[in-house]
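Just so we're clear, the structure is a prediction, and the values are computed from it rather than from any experiment. Note that these values count all heavy atoms, side chains included, but never hydrogens, waters or copies made by symmetry. Order of the sequence lines sets the chain letters (A, B, ...), proteins ahead of strands, with each chain counted from 1.
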Amino acid sequence: MVTAPLPPDPAALLPPPEPVQVLDDSGTLHEVDGFPLDLKDEDFRNLYRYMVLARRVDKQAINLQRQGQLGVYASLLGQEAAQVGGAYALDEQDWVFPSYREMGAALVRGVDPSAILHLFRGTWLSDHDPMATHFGLLSIPIATQALHAAGYAMGAKLDGKDLVVMSYFGDGATSEGDAHEAMNFAAVYDAPCVFFVQNNQYAISVPLSKQTKAPTIAHKAVGYGMPGYRCDGNDVLASYAVARKAVDRARAGEGPCLIEAVTYRMEAHTTADDPTRYRTPEELARWKARDPIARFETFLTAEGLLDDVFRAEIDEEAKAYAARIRAELYDAPHGDPLELFEHVYVDPPASYAEQREQLRRELAANEAGA
Amino acid sequence: MAQALNTALHDAMGADDRVVVFGEDVGKLGGVFRITDKLQQRFGEKRCFDTPLAESGIVGSAIGMALYGFKPVVEMQFDGFTYPAFEQIVSHLAKMRNRSRGRVQLPVVIRIPFGGGIGAVEHHSESPEAYFTHVAGLKVVSPGIPSDGYSLLRESIASPDPVLFFEPKRRYWLKEDADLPVTTEPIGTAVVRRQGTTATLFAYGPMVRTCLEAAQAGESEGWELEVVDLRSLNPFDAETVVASVRKTGHAVVVHEAQVFSGFGAEVAAQVAERAFYSLEAPVLRVGGFDIPYPAAKLEEFHLPDVDRILDAVDRSLAF
């Protein structure tokens, strides 16, 4: 592997002074120099569809948790634009390595949300196929997945494969050593890896100001010799445009970059959290007024891309999605306890046969007792 | 030993172009112990390369490369530098196959030169193997003789499960007449290195040699000590261990790591559970003291040696 040459001008790696915004707060489109949009009407509709579905799935998951059907759930409410816009820039062969809040990105990648929600129900640790969906297992230890993304991208580069990897993580994760090591590895090897940070302002209760003294998260990219981009993460078109540029340059062999999508987590950290202890109703109201779906609707309506028929169609689809998730998750049984020994090793130690037999006897005794 | 390990890497890379070797200083330098010598020269910078100095990064990116389809063999430069990679090893490398319900395989080998006895500066002489035998999803292997160094490393690289491969660094210079390639007993098998009837010494890695020396010295006491080389800590060959205890009735487990909560505790428990009535005495453990690894000039007082081992045998026989 060959290291990248030093960038000629470190200043060229700096993020623009203002976050890239394509749709302003009133939903009016302004093309931004250097971040062209290549979207057709169908793409606009797709982006909208994914965002609406993500929000509906999210609401369904929260409801299931309230009904005692999921142990916990981490909502993406308010982050639909960042997630959907980012993932929409990827091609089929590309990979995503998510954290645990990426339901929107999962939908774009064709991952069945029910499979992911089994993790939160506790029926199994994970139930989607990463190899088939190119969507990594949800990663709960913070920032650890960024290294898997860097490694996967290093592999693709070694193999000469046309493939880009996107890793999602949050503002809090940028404080972790693994985020640093991942960005450094990817940069050193010119790996085709896009680090997509959703800066949703809080790591549970701790605000960004207590995570970093960096001017912005995107500025950190310069230290790795890669460009940092910053966008309005509540603007799906800005999130897409920036991701498009990042993915294109990675695919062209120009190496990794860091995207900071500035957004806000409208819900609690998880269903187990009480955000009223650390943020004000006024702050929440300010961000609610910047709702990413509402803003995109204004634009689509003005463009004549969103009429009642299309709206009803998506609404039907979202309802059906939610109904299917309810049906699949509600009172869903756990699997066969004996399967606990099946997947740990390809080649398990002898003790597994003994312990499996012990559990089998315990299960039989329970059955007999019942 | 060093040459056997190096040859194993050469042969594995020659046999399978998905095998890649990376870590700190493993490229041009050939590793600080030269175990990766000439790999880069022979296979190129794509197959053997230096990484930034970051152990979590090495293991985490190895996981990503394994997902892609490579078979990474990575090096932790020294035992004491494995700790930054602990989270990636425990939370991801060991668990990902299970978490994915068998859909993902991670054929990663982490080579770790471990143990003391070479007068190294602090953090360079540790024996962290018990941390990893306590983690489901990993195999933990440690060769005690050069032919095992070759064969167990080849087998580890071929393994579809992740392997932590603990190389006894003080035995890198250990010699043995062996024609390479050589195939020894598979992972999961303990081997009786010396037959005996008086008592059994159980060891792995660097202490195999020390136990053989102790057995020889024990002859002057009229003792016929059996030495069992465990080789593979997980999977654990309880059958061979129990068979030896049935024969001798006395068991002494030896390792460099501190005794308290060390791997010897597992061996003792396995023997107690499976061969209680064959025991003439409690299983005794011989190891380093329960202290942080001492400064180089003091390590000889800390590490188990022939005398400490024979003293334990004496106590066992006197029980």
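- Around atom OH of B/Tyr131, no more than 12 heavy atoms belonging to other residues, nucleotides or ligands sit under 6.0 Å away.
- If you tally non-hydrogen atom pairs under 4.5 Å between each of B/Leu138, B/Val104, B/Asp50 and chain A, the highest count goes to B/Leu138.
- Applying a 4.5 Å heavy-atom cutoff, the residues of residues 349-359 of chain A that approach chain B are A/Pro349, A/Tyr352, A/Glu354.
- Donor-acceptor pairing under 3.5 Å is recorded for the side chains of B/Thr184 and B/Arg231.
- Interface with chain A: from residues 156-163 of chain B, residues B/Pro160, B/Asp161 qualify, criterion being any non-hydrogen pair under 4.5 Å.
- Of the charged side-chain nitrogens involved, at least one lies within less than 4.0 Å of a carboxylate oxygen, so that A/Asp94 and A/Arg251 count as a salt-bridged pair.
- Contacts with chain B were tallied for A/Ser139, A/Gly136, A/Pro141; A/Pro141 has the most, counting heavy-atom pairs under 4.5 Å.
- With a 4.5 angstrom heavy-atom cutoff, A/Ala156 touches chain B via backbone and side-chain atoms both.
- Contacts between B/Lys95 and chain A at a heavy-atom distance below 4.5 Å are absent for every atom of the residue.
- Checked by atom type and distance alone, the side chain of B/Glu75 never pairs as donor or acceptor with a backbone atom of B/Val26 at under 3.5 Å.
- Taking B/Ser100, B/Ala238, B/Ser232, B/Ala66 one by one and counting their heavy-atom pairs under 4.5 Å with chain A, the maximum is reached by B/Ser100.
- Listed by first and then second residue, the salt bridge (charged side-chain N to carboxylate O under 4.0 Å, His left out) pairs involving residues 82-92 of chain B amount to none (not counting sequence neighbours).
- Of the listed residues (B/Gln40, B/Arg97, B/Glu239), the one with the most heavy-atom contacts under 4.5 Å to chain A is B/Arg97.
- Interface residue B/Glu55: only backbone heavy atoms are found under 4.5 Å from chain A.
- For a residue to count as touching a neighbouring chain, one of its non-hydrogen atoms must lie under 4.5 Å from one of that chain's; by this rule B/Ile58 touches chain A with backbone and side chain alike.
- Only the backbone of A/His128 comes within contact range of chain B, with at least one heavy atom under 4.5 Å from a heavy atom of that chain.
- The backbone N or O of A/Ala332 sits less than 3.5 Å from a side-chain atom of A/Arg121, completing a donor-acceptor pair.
- Using bins of under 30°, 30° to 60° and over 60° for the plane-to-plane angle, the ring pair A/Tyr73/A/Phe120 lands in the perpendicular bin.
- For a residue to count as touching a neighbouring chain, one of its non-hydrogen atoms must lie under 4.5 Å from one of that chain's; by this rule B/Asp237 does not touch chain A.
- Interface remark: B/Gln105 contributes side-chain atoms only to the contact with chain A (heavy atom separation under 4.5 Å).
- In summary, the side chains of A/His148 and B/Gln88 do present a donor paired with an acceptor at a separation below 3.5 Å, with no hydrogens or angles considered.
- Looking at A/Leu119, neither its backbone nor its side chain comes within 4.5 Å of chain B, counting heavy atoms on both sides.
- Contact of B/Ala54 with chain A is made through backbone and side chain together, with heavy-atom distances under 4.5 Å.
- A salt bridge links A/Asp112 with A/Arg324; the closest basic N to acidic carboxylate O contact falls under 4.0 Å.
- For A/Glu342, the part lying near chain B is the backbone, with the side chain staying farther off; criterion is any non-hydrogen pair under 4.5 Å.
- Aromatic ring pairs are classed by plane angle as parallel below 30°, tilted from 30° to 60° and perpendicular above 60°; the pair B/Phe70 and B/Tyr68 is parallel.
- With hydrogens and angles disregarded, a donor-acceptor distance shorter than 3.5 Å links the side chain of A/Arg101 to the backbone of A/His269.
- The two residues A/Val344 and B/Ala136 make their nearest non-hydrogen contact at CG1-C, 4.1 Å.
- Looking at residues two or more places apart in sequence or on another chain, you find a side-chain hydrogen bond (donor to acceptor under 3.5 Å, both in side chains) between B/Ser56 and A/Asp178.
- Counting heavy-atom pairs under 4.5 Å between each of B/Val20, B/Ile187, B/Thr51, B/Val59 and chain A puts B/Thr51 at the top.
- Here the NE2-OH distance, from B/His10 to B/Tyr150, works out to 11.5 Å after rounding to the nearest 0.5 Å.
- In this structure, B/Phe49 has its ring center closer than 6.0 angstrom to the ring center of A/Tyr189.
- Between the side chain of B/Glu266 and the backbone N or O of B/Phe263 there is no donor-acceptor pair closer than 3.5 Å.
- Side chain of B/Asp25 to main chain of B/Val32: no donor-acceptor pair is present (N/O by atom type, distance under 3.5 Å, no hydrogens or angles).
- When B/Pro235, B/Pro84, B/Gly27, B/Gly60 are compared by the number of non-hydrogen pairs under 4.5 Å with chain A, B/Gly60 comes out ahead.
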